[in-house]
Amino acid sequence: MPIFEKSSESSVTRAIVSEFTKEMDDVADTDVVVVGGGPSGLVAAHDLARDGIRVVMVEKNNYLGGGFWMGGFLMNSVTVRAPAQKMLDEFGIRYVEREKGLFVTSGPLACSKLIAATCEAGVKVLNMVSFDDVILRDENRVAGVVVNWSPVSYLPRPVACVDPICLESKIVIDATGHDASIVSKLSERGVLELTGCGGMWIERSEDSVVERTGFVHAGLLVVGMSVSAAYGLPRMGPTFGSMLLSGRKGAELAKKSLQSRA
Ligand code: 48F
C-alpha cells in the first residue's frame, strides 16, 4: 500500500506553473513594493499587509532575512536595545536581558518568526528576484520597479540578454540595506544624491535611522540601513532595534500617504 496519494509528473508541473502564474498576475500592479527582505523590510511589509494593504516583497536571495540571521562577526546572538524588545514580544520572540535596556535573542529564532509573521500577514514574496531599475512617471515620481531573476546577472554575456519585467506600485520602499539599491539607481540618473554611511557610532546611528526614515523622493520611502546610506548617517554596527522601529515607521508613513491619495 503506497503512503502518498497518486499523482503524475505533469500534474505536479501544472500545479507549480498555474499557482505561480496566478501569483504573478496579482503582483503586477500593487499598493506597495518592498525591495529587500531584511529586518526593516520584513517589518514594513508585515505591518502594511496586516492592515489589508497589497504588498509585494522583492528579494534577490533565495532566503529572506538579510543580516538578521547573524548578530555580528558570524555569531548568531542578536542584540536590540530598549524599547525595541517590545517588538520582539509582539512577534513572540524570546530573549534575555543582558544588562539594563540591552536584550539578546537568537538570530535564527528571531529571523524565522519575523519571516513567518510577514508571510502569514499576506505579503507576496518574489525571492531570487533582483531590483534592476525604477519605473519613473511625470516629474520623476517612482511608480514601481523593474526586476529580473537574480541568476540572469550571473549568466555569461552571450546568453544574458533576458529582458526584465515591471511591477507597478503606488509606493516603493528601499529596504536593501547598505546597498540602498534604489536610491543608488536614482543617484546614477542624477535624480538624487547617494551619500553612503559614515563611520560607526551605534547610539547616534540607531536614533537617526529612525528619525530620518521616510520619503526620500516622490513615491520612494527608505527604511533600515538604506536610510543611513541615503543620508550619510553613521554606521550602525551589529544591533537591530532601529531596523525594527524603522520598518514600522516606514509602514505608518506609507499608510498615511496611501490614505491621502485615496
Ligand atoms: O542588509 P539587510 O538586513 O537590511 P536592513 O533591513 O538591516 C540591516 C541589518 O541587517 C544590518 C545592520 C544593522 O544592524 O547593519 O546590516 O537595513 O537586508 C537587505 C536585503 O535586501 C536584499 C538583500 O539580499 C537583503 O536580503 N537586496 C539588496 N539589494 C537588492 C536586494 C536588490 N538589488 N534586489 C533585491 N534585493
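Note that the structure is a prediction, hence the values are computed from the model and not measured. Just so you know, ligand 1 is whichever comes first in the structure, and atom 1 is the first atom listed for that ligand.
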*Has Glu193 got more than 12 heavy atoms of other residues, nucleotides or ligands less than 6.0 Å from its CD?*
no

*Could you tell me whether Ser181 approaches ligand 1 through its side chain, its backbone, both or neither, with non-hydrogen atoms closer than 4.0 Å?*
side chain

*Spell out, yes or no, whether Val172 and Val146 are grouped together once hydrophobic residues are joined by side-chain heavy atoms under 4.5 Å, including indirect joins.*
no

*Can you pull out the closest protein heavy atom to atom 9 (C) of ligand 1? Residue, atom name and distance to 0.1 Å, please.*
Phe240 CE2, 3.6 Å

*Residue portion contacting ligand 1 (non-hydrogen atoms closer than 4.0 Å) for Arg235*: neither

*Just need the protein heavy atom nearest to atom 7 (O) of ligand 1, so name the residue and atom and give the distance.*
Met243 SD, 3.3 Å

*Gly38 neighbourhood, listing ligand 1 atoms whose heavy-atom distance to it stays under 4.0 Å*: 3 (O), 6 (O), 18 (O), 20 (C)

_Using a 4.0 Å heavy-atom cut-off, which part of Asp179 comes near ligand 1: side chain, backbone, both, or neither?_
side chain

*State whether Glu252 and Lys255 are salt-bridged, where the test is any N-O pair (Lys NZ or Arg NE/NH1/NH2 against Asp/Glu carboxylate O) under 4.0 Å.*
no

*Give the atoms of ligand 1, by number and element, whose distance to some non-hydrogen atom of Gly224 is under 4.0 Å.*
17 (O)

*So, the side chain of Lys249 versus the backbone of Glu211: is there a donor-acceptor pair under 3.5 Å, distance only?*
yes

*Which atoms of ligand 1 are found less than 4.0 Å from any heavy atom of Ser40?*
5 (P), 6 (O), 17 (O)

*Look only at the side chain of Thr213 and the backbone of Gly250, and say whether a donor-acceptor pair between them is shorter than 3.5 Å.*
no

*How far is atom 13 (C) of ligand 1 from its nearest protein heavy atom, and which residue and atom is that?*
Met236 CG, 3.5 Å

*asked:* For ligand 1, which is the ligand I care about here, please tell me if Lys60 has any N or O atom under 3.5 Å from one of the ligand's N or O atoms.
replied: yes

*asked:* Parallel, tilted or perpendicular: which one describes the rings of His46 and Phe91, with boundaries at 30° and 60°?
replied: perpendicular

*Indicate yes or no: does an N/O atom of Ser130 lie under 3.5 Å from an N/O atom of ligand 1?*
no

*Mind running side chain to side chain donor-acceptor pair (under 3.5 Å) on Ser184 and Ser181 for me, showing each step along the way?*
CA-CA 5 Å; Ser184 163; Ser181 304; over 6 Å; no

*Glu90 atom CD, over 12 foreign heavy atoms within 6.0 Å*: yes

*Is Asp132 touching ligand 1 with its side chain, its backbone, both, or neither, if touching means heavy atoms under 4.0 Å apart?*
neither

_Can you confirm, on distance only, whether ligand 1 has an N/O atom lying under 3.5 Å from any N/O atom belonging to Phe131?_
yes

*Of Pro238, Ser184, Gly177, which has the heavy atom at the shortest distance from atom 1 (O) of ligand 1?*
Gly177

*So which protein heavy atom does atom 26 (O) of ligand 1 come closest to, and at what separation?*
Glu59 OE1, 2.6 Å

_Minimum-distance protein heavy atom relative to atom 15 (O) of ligand 1_ = His178 NE2, 3.3 Å

*Relative to the heavy atoms of Gly66, which atoms of ligand 1 are at a distance of less than 4.0 Å?*
3 (O), 18 (O), 25 (C), 26 (O)

*Answer yes or no: does atom CZ of Arg141 have more than 12 heavy-atom neighbours from other residues, nucleotides or ligands under 6.0 Å?*
yes

*Could you tell me whether Met225 and ligand 1 have an N or O pair separated by under 3.5 Å?*
yes

*Full working for side chain to side chain contact (heavy atoms under 4.5 Å, CB included) between Glu59 and Val129*: CA-CA 6 Å; Glu59 167 54 55; Val129 173; over 6 Å; no

_If the cut-off is 4.0 Å to any non-hydrogen atom of Thr239, which atoms of ligand 1 fall inside it?_
13 (C), 14 (O)

*Taking only heavy atoms of Ala175 into account, list the atoms of ligand 1 that are under 4.0 Å away from them.*
19 (C), 20 (C), 21 (O)

*Please assess Met236 against Met225 for the test side chain to side chain contact (heavy atoms under 4.5 Å, CB included), listing each intermediate value before the final yes or no.*
CA-CA 8 Å; Met236 167 94 30; Met225 286 313 288; 3.6 Å; yes

*Numbered atoms of ligand 1 (with element) below 4.0 Å of Val129, judged on heavy atoms*: 35 (C)

*Apply the test side chain to side chain contact (heavy atoms under 4.5 Å, CB included) to residues Ile182 and Val222: give CA-CA distance (whole Å), side-chain angles for both, the deciding distance (0.1 Å), then the verdict.*
CA-CA 9 Å; Ile182 307 178; Val222 280; over 6 Å; no

*Could you verify whether a donor N or O on one side chain and an acceptor N or O on the other, from Thr239 and Thr79, lie under 3.5 Å apart?*
yes

*Does the N or O separation between Gly67 and ligand 1 drop below 3.5 Å for any pair?*
yes

*asked:* For atom 21 (O) of ligand 1, what's the nearest protein heavy-atom neighbour? Residue, atom name and distance, please.
replied: Gly36 CA, 3.2 Å

*asked:* Looking at Arg235, I'd like to know if its CZ atom is crowded, meaning that more than 12 non-hydrogen atoms belonging to other residues, nucleotides or ligands lie closer than 6.0 Å.
replied: no

*Please verify whether a non-hydrogen atom of Gly237 lies at under 4.0 Å from ligand 1.*
yes

*Measure the distances from the heavy atoms of Leu42 to every atom of ligand 1 and state whether one is below 4.0 angstrom.*
no

*Could you grab the distance from atom CG of Leu42 to atom CE of Met243, nearest 0.5 Å is fine?*
12.5 Å

